[in-house]
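Notes follow once the structure below has been shown.
These numbers come from a predicted model, not from an experiment. Note on naming: letters A, B, ... go to the chains in the order of the sequence lines (proteins, then strands), and numbering restarts at 1 for each one. As a basis for the values below, the full set of heavy atoms in this structure was taken, side chains included, without hydrogen atoms, waters or symmetry mates.
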2 protein chains.
Amino acid sequence: MAEAEPDIGPDTGERITEAEHAVMEVLWARAPLSATAVAHAVGRERGWGLATVKTLLSRLVAKQAIATEPEGRRFLYTPLIARTDYLGGESKRLVDRLFGGRAAPLFAHLAEAEALTSADIAEIEALLKELKQ
Amino acid sequence: MAEAEPDIGPDTGERITEAEHAVMEVLWARAPLSATAVAHAVGRERGWGLATVKTLLSRLVAKQAIATEPEGRRFLYTPLIARTDYLGGESKRLVDRLFGGRAAPLFAHLAEAEALTSADIAEIEALLKELKQ
DNA sequence: TCCTCTCGTTTACACACGTAATCGACTACG
DNA sequence: CGTAGTCGATTACGTGTGTAAACGAGAGGA
């Protein structure tokens with residue numbers, strides 16, 4: 001296990017699941033939204049009902065991943081955690097779990113799985129150049 | 001939902017969970033092993049009892065991730081899926097799910113999360129050079 | 001004012017997962 | 001030959017997750 005903070009941790013809350021992540025993406029894309037608006041957006045992609053999306057929103061609120069702000073009679077939902085932080089965290093988790101924290105093997109496996117486009121390669125080259133400075 | 005192959009797929013079976021992955025790692029490292037042997041190895045790292053490891057082995061057999069071969073009175077377990085395939089698949093899943101299939105953003109986030117050592121960078125550079133040929 | 005619609009909250013439920021005890025068959029020592 | 005140990009299989013159980021219905025309070029039209 002080794003889940004970093006076992007006790008008090010007022011900051012991040014718990015991990016975001018895959019279904020919750022779909023909701024987060026909508027919120028990251030179009031800032032504060034009502035539950036219905038989120039449901040429309042996510043429901044279209046994933047085929048979820050309004051009730052399902054509401055549940056996911058509640059769970060995200062409980063996990064302190066999003067905040068509610070009253071707007072008239074209903075609430076608007078806004079992300080509390082940055083997309084960058086989430087993506088970086090998840091990426092690091094994968095690298096730690098599967099590759100012992102080393103990014104190079106990950107990269108090698110992506111290459112082997114043909115998950116690298118030439119555009120990717122060019123971009124990564126550019127990033128490397130920056131990192132080396 | 002959206003599990004790549006909805007119909008026939010005699011090959012891979014279902015997804016391997018995190019706990020099961022720990023068992024797989026032991027099997028990948030030291031080819032055919034008895035349940036007890038696996039339990040010793042994994043139990044040491046994760047603090048699991050013999051019963052727990054046996055359950056995981058059974059589930060892996062059900063998922064056709066490992067095969068059993070009778071050795072005298074007990075069974076020896078051997079991986080059916082290659083470590084490379086698993087790692088590549090999981091990596092691709094993450095890239096698809098979080099980065100729309102593009103590896104470059106993943107790389108950028110790893111860099112930002114300071115998950116890249118200079119050794120990683122050097123290795124990746126070497127890989128890039130190979131890929132470009 | 002009353003009914004209906006709409007929100008957010010509460011409760012539900014099946015299945016996956018982590019973790020494990022129990023069971024039935026078989027072996028091997030005494 | 002019986003009894004204890006070992007092995008794989010079966011069953012168990014709490015929690016997380018995906019998916020959703022039911023409920024209760026407030027808003028707005030009739």
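For the helix from dT1(C)-dA30(D) to dG30(C)-dC1(D), the axis fitted to the five pairs at one end and the axis fitted to the five pairs at the other end meet at an angle of 30° (nearest 10 degrees).
dG18(C) atom P lies 8 Å from atom CZ of R46(B), rounded to whole Å. L50(B) has its CG atom 9 Å from the P atom of dG8(D), to the nearest Å. Taking atom CZ of residue R15(A) and atom P of nucleotide dG18(C), one finds them 12 Å apart after rounding to whole Å. As rounded to whole Å, 14 Å separates atom P of dG8(C) from atom CG of L60(A). To the nearest angstrom, P of dG16(D) lies 12 Å from CD of E20(A). Atom CG of L57(B) is separated from atom C1' of dA9(D) by 13 Å (rounded to the nearest Å). When the C1' atom of dC5(C) is taken as reference, atom CZ of R74(A) falls 13 Å away, rounded to whole Å. At whole-Å resolution of the value, CG in L56(A) and P in dT9(C) are 14 Å apart.
A heavy-atom distance below 4.5 Å is found between the side chains of K63(B) and T17(B).
Residue L110(B) comes nearest to K92(A) through the heavy atom pair CD2-N, 4.2 Å, listed as atom of the first residue, atom of the second, then distance. The two residues A104(A) and E123(B) come nearest to each other via the heavy atoms CB-OE1, 3.4 Å. Looking at every heavy atom in both residues, V23(A) comes nearest to V42(A) through CA-CG2, 4.2 Å. Closest approach of Y86(A) to I81(A), counting heavy atoms only: CB-CD1, 4.4 Å. Nearest heavy atoms, L94(A) versus S91(B): CD2-CA, 4.2 Å.
For DNA chain C, none of the residues of residues 34-44 of chain B falls under the heavy-atom distance limit of 4.0 Å.
For dG18(C), the OP1/OP2 oxygens have a side-chain nitrogen or oxygen of T17(B) closer than 4.0 Å. OP1 or OP2 of dA20(D) sits under 4.0 Å from a side-chain N or O of T52(A).
Hydrophobic clustering (ILVMFWY, side-chain heavy atoms < 4.5 Å, transitive): L80(A) and W28(A) are in distinct clusters.
When distances run from any side-chain atom of K63(B) to the nucleotides dG8(C), dT19(C), dC17(C), the shortest one goes to dC17(C).
For residues 76-88 of chain B, the pairs satisfying salt bridge (charged side-chain N to carboxylate O under 4.0 Å, His left out) are E25(B)-R83(B), with sequence neighbours left out. Counting only residues at least two apart or on different chains, no ring pair (Phe, Tyr, Trp, His ring centres under 6.0 Å) pair has a member in residues 32-77 of chain B.
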Where protein sits on nucleotides 10-15 of chain C, one letter per nucleotide: B base, S sugar-phosphate only, - none, heavy atoms under 4.0 Å: --B---
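Between R15(B) and E20(B), none of the side-chain N atoms (NZ, or NE/NH1/NH2) sits under 4.0 Å from a carboxylate O, so this pair counts as no salt bridge.
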Which donor-acceptor pairs under 3.5 Å do the side chains of residues 52-62 of chain B make with protein atoms, sequence neighbours left out?
| from | atom 1 | to | atom 2 | distance (Å) |
| --- | --- | --- | --- | --- |
| T55(B) | OG1 | A51(B) | O | 3.1 |
| S58(B) | OG | K54(B) | O | 3.1 |

